[in-house]
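A quick write-up on the structure given underneath.
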Amino acid sequence: MMLIGPIAPPNWGPAVKNRILLDALSDYGVNVIACNTLGWKRRALPFAWKAISQTVRTRRVVLSVSRGGRWVLLPLLCILGIVPPMKIVLLPTGGLFAQEVTSLPPVLRGFYRWCLSRCTLVCPETQRLAEDLRKLGLGNVIALPNFKPNHELGGNGKPAQDLLRIVYVSRVRAEKGIEVLLAALDTIHDIAFRLDIYGILRDDYKDAFEEQLSHRCYARYCGVLESKDLLEHLSDYDMMVFPTLCESEGFPGVLADAALAGLPVIASDIAANAEIVRDGFNGLLAKPGDIPDWAAKLRLLMSDDRLRTTLAANNRALSENYTVDTVIRDTLLGELDRRGFWTRGDSRKARGSIV
């Protein structure tokens, strides 16, 4: 099998997801050659030659790329795979895939729909996205939520502290709602708390972000967490916040991390977040960009120990839905077996490489 997509490091959304996928497939005995699309422009011709030659030889491809990559690579793979047939699994990232397809001019929309219909599976990250694709007449669609390695947290619970610990884990930029969050927290003066911010800080936002933190003693930037250490770090916190303003969110990986770490979440009610954070069950939903609503939801969860405990327990109970055993082994590989993705001659001895 060929896996085409960005592979971590660096530790950002799709690249981390593909690293986890690559490791999981190898662990389950699938022979995988990973074609890392990061930095392909610096070596375009060698990259293209290796990718095409490996793909033609394997005839089984998992394509897990962002918008630009799938517009180019999926049609190319479908054309290359007409004779002999190629089996393709598409993992479209982001939350606007169906809308992007339907917004194409009629001729291009028809061609791209043909490409999607030739895939063995199309696996968007949420049920809402899956339903939108099925409305295009596709019968090869299943929802495949974001996934994380199987993990059992150690230790004996959170260390005792005198203040409430809040964590933000995402890219650090205005579109992720960081300024809305800070403005909402500014209104809370009677609860002792600390906000730790983790994530990749873009150079073009660095000065503005540092200015935002300069007069807020409760907030600090803590850099980027390695994926292997993330859950152990998260388990020390009392709650997670995800104030994104991005309509294009698919299934944010940090929400799966929060479930595995057993954290209650306050998230923006945007895109498909309501599928993942059930308001009042495993977290709270706040209106995106609405500072008073965010302040009210923050105060509610910060001031109620019992509510945090209940939401945390419920979120931890949902975490089994996001492990690689459930998502990759049972759902993805199980569905591929059912659809005849493999042939009798396929080797199941695990080995892998990256080109």
For this session: Walk me through it: do Leu333 and Leu25 pass the test side-chain contact (heavy atoms from CB on, under 4.5 Å)?
Result: CA-CA 9 Å; Leu333 294 182; Leu25 289 172; 3.9 Å; yes

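- The backbone N or O of Pro84 sits less than 3.5 Å from a side-chain atom of Arg59, completing a donor-acceptor pair.
- Listed by first and then second residue, the side-chain hydrogen bond (donor to acceptor under 3.5 Å, both in side chains) pairs that reach into residues 253-266 are Lys148-Asp257, sequence neighbours excluded.
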For this session: Check step by step if side-chain contact (heavy atoms from CB on, under 4.5 Å) holds for Ile4 and Thr55.
Result: CA-CA 9 Å; Ile4 301 177; Thr55 300; 4.0 Å; yes

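- When side chains are defined from C-beta on, Val265 does not count as touching Ile276, because their heavy atoms never get closer than 4.5 Å.
- Checked against salt bridge (Lys or Arg N to Asp or Glu O under 4.0 Å), Glu320 has no partners two or more places apart in sequence or in another chain.
- The CD1 atom of Ile328 sits 11.5 Å away from the CG atom of Leu22 when rounded to the nearest 0.5 Å.
- Annotation: side-chain hydrogen bond (donor to acceptor under 3.5 Å, both in side chains) contacts involving residues 117-135, sequence neighbours excluded, comprise Lys17-Glu125, Glu131-Arg134.
- In terms of modelled atom types and a separation under 3.5 Å, the side chain of Asp293 and the main chain of Lys287 share a donor-acceptor contact.
- Two residues are said to be in side-chain contact when any heavy atoms from C-beta on lie closer than 4.5 Å; Gln54 and Cys35 fail this criterion.
- Salt-bridge annotation for Asp236 and Arg165: absent, with no side-chain N of the basic residue lying under 4.0 Å from a carboxylate O of the acidic one.
- Distance alone, capped at 3.5 Å, places no donor-acceptor pair between the Tyr112 side chain and the Thr102 backbone.
- Looking only at side-chain heavy atoms (C-beta outward), Arg299 and Thr187 stay at 4.5 Å or farther from each other.
- Distance CG/Leu129 to CG/Leu144: 12.0 Å, rounded to 0.5 Å.
- Ring geometry, Tyr198 versus Tyr237: the interplanar angle exceeds 60°, so the pair is classed perpendicular (tilted spans 30 to 60°).
- Hydrophobic clustering, with ILVMFWY side chains joined whenever heavy atoms are under 4.5 angstrom apart, groups Val172 together with Leu182.
- Under a hydrophobic clustering in which Ile, Leu, Val, Met, Phe, Trp and Tyr are joined whenever their side-chain heavy atoms come within less than 4.5 Å, directly or via other members, Leu73 and Ile52 fall into the same cluster.
- The two atoms that bring Leu311 and Pro264 nearest to each other are CB-CB, 3.7 Å, heavy atoms only.
- Residue Val241 forms a side-chain contact (heavy atoms from CB on, under 4.5 Å) with just one option from Val254, Leu298, Ile178, and that option is Leu298.
- For the pair Val89/Leu91, a side-chain contact is recorded, criterion being any heavy-atom separation below 4.5 Å from C-beta on.
- The main-chain N or O of Thr323 is never found under 3.5 Å from a side-chain atom of Asn150 such that the two would form a donor-acceptor pair.
- Side-chain atoms of Ser268 come within 3.5 Å of backbone atoms of Thr244 as a donor-acceptor pair (strictly under, hydrogens ignored).
- Proximity of a side-chain donor or acceptor of Arg171 to a complementary backbone N or O of Lys176 within less than 3.5 Å is not detected.
- Closest of all the heavy-atom pairs between Val180 and Asp290 is CG1-N, 4.4 Å.
- Residue Ile142 holds its CD1 atom at 7.0 Å from CZ of Arg339, rounded to the nearest 0.5 Å.
- Clustering ILVMFWY residues whenever any of their side-chain heavy atoms sit less than 4.5 angstrom apart, transitively, puts Leu336 in the very cluster that holds Val62.
- Between Leu245 and Gly289 the shortest heavy-atom distance is CD2-N, 3.4 Å.
- Of the possible donor and acceptor atoms, one in the side chain of Asn18 sits under 3.5 Å from a partner among the backbone N and O of Pro6.
- Between Arg194 and Asp238 no salt bridge is recorded (no basic side-chain N to carboxylate O distance below 4.0 Å).
- Side chain of Arg316 to main chain of Leu260: a donor-acceptor pair is present (N/O by atom type, distance under 3.5 Å, no hydrogens or angles).
- Two residues are said to be in side-chain contact when any heavy atoms from C-beta on lie closer than 4.5 Å; Arg19 and Asp23 meet this criterion.
- The line from CG of Leu90 to SG of Cys78 is 9.0 Å long, rounded to the nearest 0.5 Å.
- Ring pair Phe251/Tyr322 is perpendicular by interplanar angle, where above 60° counts as perpendicular and below 30° as parallel.
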Exercise. Can you check salt bridge (charged side-chain N to carboxylate O under 4.0 Å, His left out) on Arg308 and Asp304, steps first, answer last?
Worked result: CA-CA 6 Å; Arg308 288 198 308 276; Asp304 192 331; over 6 Å; no

For this session: Give the C-alpha distance, both sets of side-chain angles, the deciding distance and a yes or no for side-chain contact (heavy atoms from CB on, under 4.5 Å) between Leu284 and Trp294.
Result: CA-CA 10 Å; Leu284 300 176; Trp294 264 92; over 6 Å; no

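- Note on Asp203 versus Lys206: no salt bridge recorded, every NZ/NE/NH1/NH2 to OD/OE distance being 4.0 Å or above.
- Leu255 and Leu96 fall into different hydrophobic clusters, where Ile, Leu, Val, Met, Phe, Trp and Tyr residues are linked whenever their side-chain heavy atoms come under 4.5 Å apart, directly or through other members.
- At least one side-chain heavy atom of Pro149 sits under 4.5 Å from a side-chain heavy atom of Ile20.
- In the hydrophobic clustering of ILVMFWY residues, with side-chain heavy atoms under 4.5 Å counting as a link, Met239 and Ile188 come out together.
- Using a distance-only test at 3.5 Å, with no hydrogens or angles considered, no donor-acceptor pair links the side chain of Arg329 to the main chain of Ala24.
- Ala184 approaches Ala295 most closely through the heavy-atom pair CB-N, 3.7 Å.
- Remark: Ser170 OG to Met240 CE distance equals 9.5 Å, nearest 0.5 Å.
- In this structure, Leu136 and Val141 have side chains that are not in contact, with every pair of non-hydrogen atoms separated by 4.5 Å or more.
- Side chain of Asp279 to main chain of Ala274: no donor-acceptor pair is present (N/O by atom type, distance under 3.5 Å, no hydrogens or angles).
- At least one side-chain heavy atom of Cys119 sits under 4.5 Å from a side-chain heavy atom of Leu74.
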Exercise. Can you check side chain to side chain donor-acceptor pair (under 3.5 Å) on Asn314 and Asn282, steps first, answer last?
Worked result: CA-CA 5 Å; Asn314 291 340; Asn282 62 321; over 6 Å; no

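- A salt bridge is defined here as a Lys NZ or Arg NE, NH1 or NH2 lying under 4.0 Å from an Asp or Glu carboxylate O, and Asp196 with Arg220 meets this definition.
- Using cut-offs of 30° and 60° on the angle between ring planes, the pair Phe97 and Trp71 is tilted.
- Taking each heavy atom of Phe341 and Arg60 in turn, the nearest pair found is O-NE, 2.7 Å.
- Remark: Leu201 CG to Glu210 CD distance equals 7.0 Å, nearest 0.5 Å.
- Shown here for Pro243 and Leu181, the closest heavy-atom pair between the two residues is CG-CB, 4.0 Å.
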For this session: Give the C-alpha distance, both sets of side-chain angles, the deciding distance and a yes or no for side-chain contact (heavy atoms from CB on, under 4.5 Å) between Leu332 and Leu121.
Result: CA-CA 9 Å; Leu332 178 60; Leu121 280 177; 4.1 Å; yes

